[in-house]
K.L.:
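Questions regarding the structure given below will be posed in turn.
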Amino acid sequence: MKKLPRSFYFRSAPLVAKDLLGKILVRRIGQTTLSGKIVEVEAYLGKKDPASHAYRGKTRRNEVMFGEGGHLYVYFTYGMHFCANVVTGKKDVSEAVLIRAIEPLDGIELMKRNRGFLKDVRLLYTLTNGPAKFCEAFGIKREENGTDLRGDKIFLIEGESPKSIIGTSTRIGITRGKEKKWRFFLKGNEWVSK
DNA sequence: CGACCGATTGACT
DNA sequence: GTCAATCGGTCGG
């Protein structure tokens with residue numbers, strides 16, 4: 001399948017966010033391929049958005065958001081978790097889309113190992129139904145910050161156009177910019193975070 | 001420098 | 001429902 005063109009990312013974050021639903025994220029680690037369908041995202045609007053890491057301008061931590069769209073912004077939070085964003089817009093725009101949940105497709109055994117599922121005790125939907133769970137399952141850490149999504153390590157391809165209705169809501173876990181409805185998800189999909 | 005807190009999760013009452 | 005884990009970013013002094 002064809003990788004999404006760079007132009008896909010050169011639009012405002014809410015538009016890209018909605019269009020990311022149903023797309024397939026592929027991660028190659030050595031010989032193994034992990035993949036999953038994006039089912040939940042949130043848009044962060046850079047300098048215009050008090051909830052965005054880019055709100056106060058460019059720093060060492062957030063500089064990837066100020067680069068060209070189509071790269072991955074990975075950040076470390078709560079002293080233990082990583083979360084991943086798709087950067088959107090052209091250089092210096094600093095908008096991004098947080099990937100909050102995916103539905104696993106290929107490489108589920110490795111995802112389980114990455115997540116520390118020893119047996120099938122835990123419900124399968126808890127494998128990737130949250131932004132830090134997705135990153136842990138896919139082995140996305142500090143080193144993946146800045147990855148070009150048109151390269152061969154992590155990339156996005158077309159999926160089926162989503163049949164589910166797209167739900168919209170306010171974003172989860174933030175204290176500023178609460179009122180904006182910039183969370184999008186596939187309604188009824190089991191892998192959407194609770 | 002110290003204090004506070006976060007785009008979260010999992011364990012527990 | 002509550003709360004600890006655990007550390008880097010940010011802000012005030």
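Note on naming: letters A, B, ... go to the chains in the order of the sequence lines (proteins, then strands), and numbering restarts at 1 for each one.
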K.L.:
Report yes if at least one side-chain N or O of Arg60(A) is closer than 4.0 Å to OP1 or OP2 of dT10(C); otherwise report no.
P.N.:
no
K.L.:
Pick base, sugar-phosphate or nothing for Arg61(A), based on heavy-atom distances below 4.0 Å to the nucleic acid.
P.N.:
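Sugar-phosphate, no base atom in range.
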K.L.:
For Leu98(A) and dG6(B), give me the distance from atom CG to atom P, rounded to whole Å.
P.N.:
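Nearest whole value for this atom pair: 16 Å.
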K.L.:
Which part of the nucleic acid does Thr175(A) contact within heavy-atom distance under 4.0 Å: base, sugar-phosphate only, or nothing?
P.N.:
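Counting heavy atoms under 4.0 Å across all strands, the contact made by Thr175(A) is with sugar-phosphate only.
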K.L.:
Verify, without hydrogens or angle tests, whether Asn189(A) (side chain) and Trp191(A) (backbone) share a donor-acceptor contact under 3.5 angstrom.
P.N.:
yes
K.L.:
Determine the sole option in Leu156(A), Leu149(A), Val26(A), Asp152(A) for which the side-chain contact (heavy atoms from CB on, under 4.5 Å) test with Lys3(A) is passed.
P.N.:
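Between Lys3(A) and the candidates, side-chain contact (heavy atoms from CB on, under 4.5 Å) is satisfied uniquely by Asp152(A).
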K.L.:
Please determine if Arg115(A) and Glu136(A) form a salt bridge, counting it only when a charged side-chain N lies under 4.0 Å from a carboxylate O.
P.N.:
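Glu136(A) and Arg115(A): salt-bridged.
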K.L.:
Would you say Arg56(A) places a side-chain N or O within less than 4.0 Å of OP1 or OP2 belonging to dC11(C)?
P.N.:
yes
K.L.:
If you check the Tyr78(A) side chain, which of dA7(B), dT8(B), dG10(B) turns out closest?
P.N.:
dT8(B)
K.L.:
If only side-chain N and O atoms of His53(A) are considered, is one of them under 4.0 Å from the OP1 or OP2 phosphate oxygen of dA7(B)?
P.N.:
yes
K.L.:
Using a heavy-atom cut-off of 4.0 Å across all strands, would you classify Phe76(A) as base, sugar-phosphate, or nothing?
P.N.:
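The answer is sugar-phosphate, as Phe76(A) gets under 4.0 Å only of primed atoms, P, OP1 or OP2.
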K.L.:
Atom NE2 of His81(A) to atom P of dG8(C): distance rounded to whole Å?
P.N.:
14 Å
K.L.:
Looking for any heavy atom pair under 4.0 Å, which part of the strands does Ile174(A) touch: base, sugar-phosphate only, or nothing?
P.N.:
sugar-phosphate
K.L.:
Whole angstroms only, please: what is the NZ-P distance between Lys141(A) and dC7(C)?
P.N.:
17 Å
K.L.:
Check every atom of dA7(B), dT9(B), dA5(C) against the side chain of Ala132(A) and return the nucleotide holding the closest atom.
P.N.:
dT9(B)
K.L.:
Pull out every stem in DNA chain C, meaning runs of 3 or more consecutive Watson-Crick or G-U wobble pairs with both distances under 3.5 Å.
P.N.:
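For DNA chain C the paired stretches long enough to count as stems (3 pairs minimum) are B:1-6 with C:7-12, B:8-12 with C:1-5.
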K.L.:
Do you know which of Tyr75(A), Tyr73(A), Tyr44(A) makes side-chain hydrogen bond (donor to acceptor under 3.5 Å, both in side chains) with His53(A)?
P.N.:
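That would be Tyr73(A).
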K.L.:
Give a yes/no verdict on a cation-pi contact between Arg11(A) and Phe8(A), requiring under 6.0 Å between NZ or CZ and the six-membered ring centre and an angle within 45° of the axis.
P.N.:
yes
K.L.:
Check whether the side chains of Asn62(A) and Lys58(A) place a donor and an acceptor atom closer than 3.5 Å, and report yes or no.
P.N.:
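Distance-only check fails for Asn62(A) and Lys58(A).
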K.L.:
Could you check how far CZ of Arg122(A) sits from C1' of dA11(B), rounded to whole Å?
P.N.:
11 Å
K.L.:
Rounded to the nearest angstrom, tell me the gap between atom CG in Leu123(A) and atom P in dG10(B).
P.N.:
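To the nearest whole Å, that distance equals 12 Å.
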K.L.:
Just checking, Lys194(A) and Tyr125(A): is the charged tip under 6.0 Å from the six-membered ring centre and within 45° of the axis?
P.N.:
yes
K.L.:
Can you confirm if the NZ or CZ of Lys112(A) lies within 45° of the ring axis of Phe117(A) and under 6.0 Å from the centre of its six-membered ring?
P.N.:
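Because its charged atom misses either the 6.0 Å distance or the 45° angle limit, Lys112(A) does not stack over Phe117(A).
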K.L.:
Ignoring hydrogens and angles, tell me if any N or O in the side chain of Thr128(A) forms a donor-acceptor pair with the backbone of Ile102(A) under 3.5 Å.
P.N.:
yes
K.L.:
Output the rounded distance in Å from OH (Tyr55(A)) to C1' (dG9(C)).
P.N.:
17 Å
K.L.:
Once you round it to whole Å, what is the distance between C1' of dA7(B) and CD1 of Ile140(A)?
P.N.:
15 Å
K.L.:
Which residues within residues 42-52 of chain A lie with some heavy atom under 4.0 Å of an atom in DNA chain B?
P.N.:
Tyr44(A), Ala51(A)
K.L.:
Quick one: Lys133(A) NZ to dT9(B) P, roughly how many Å, whole number?
P.N.:
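In whole Å, dT9(B) P lies 6 Å from Lys133(A) NZ.
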K.L.:
Given the ring of Phe76(A), does Arg142(A) sit roughly above its face, with NZ or CZ under 6.0 Å from the centre of the six-membered ring and within 45° of the axis?
P.N.:
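Judged by the rule, Arg142(A) and Phe76(A) form a cation-pi pair.
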K.L.:
Touch check for Arg183(A), heavy atoms < 4.0 angstrom, all strands: base, sugar-phosphate only, or nothing?
P.N.:
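Counting heavy atoms under 4.0 Å across all strands, no contact is made by Arg183(A).
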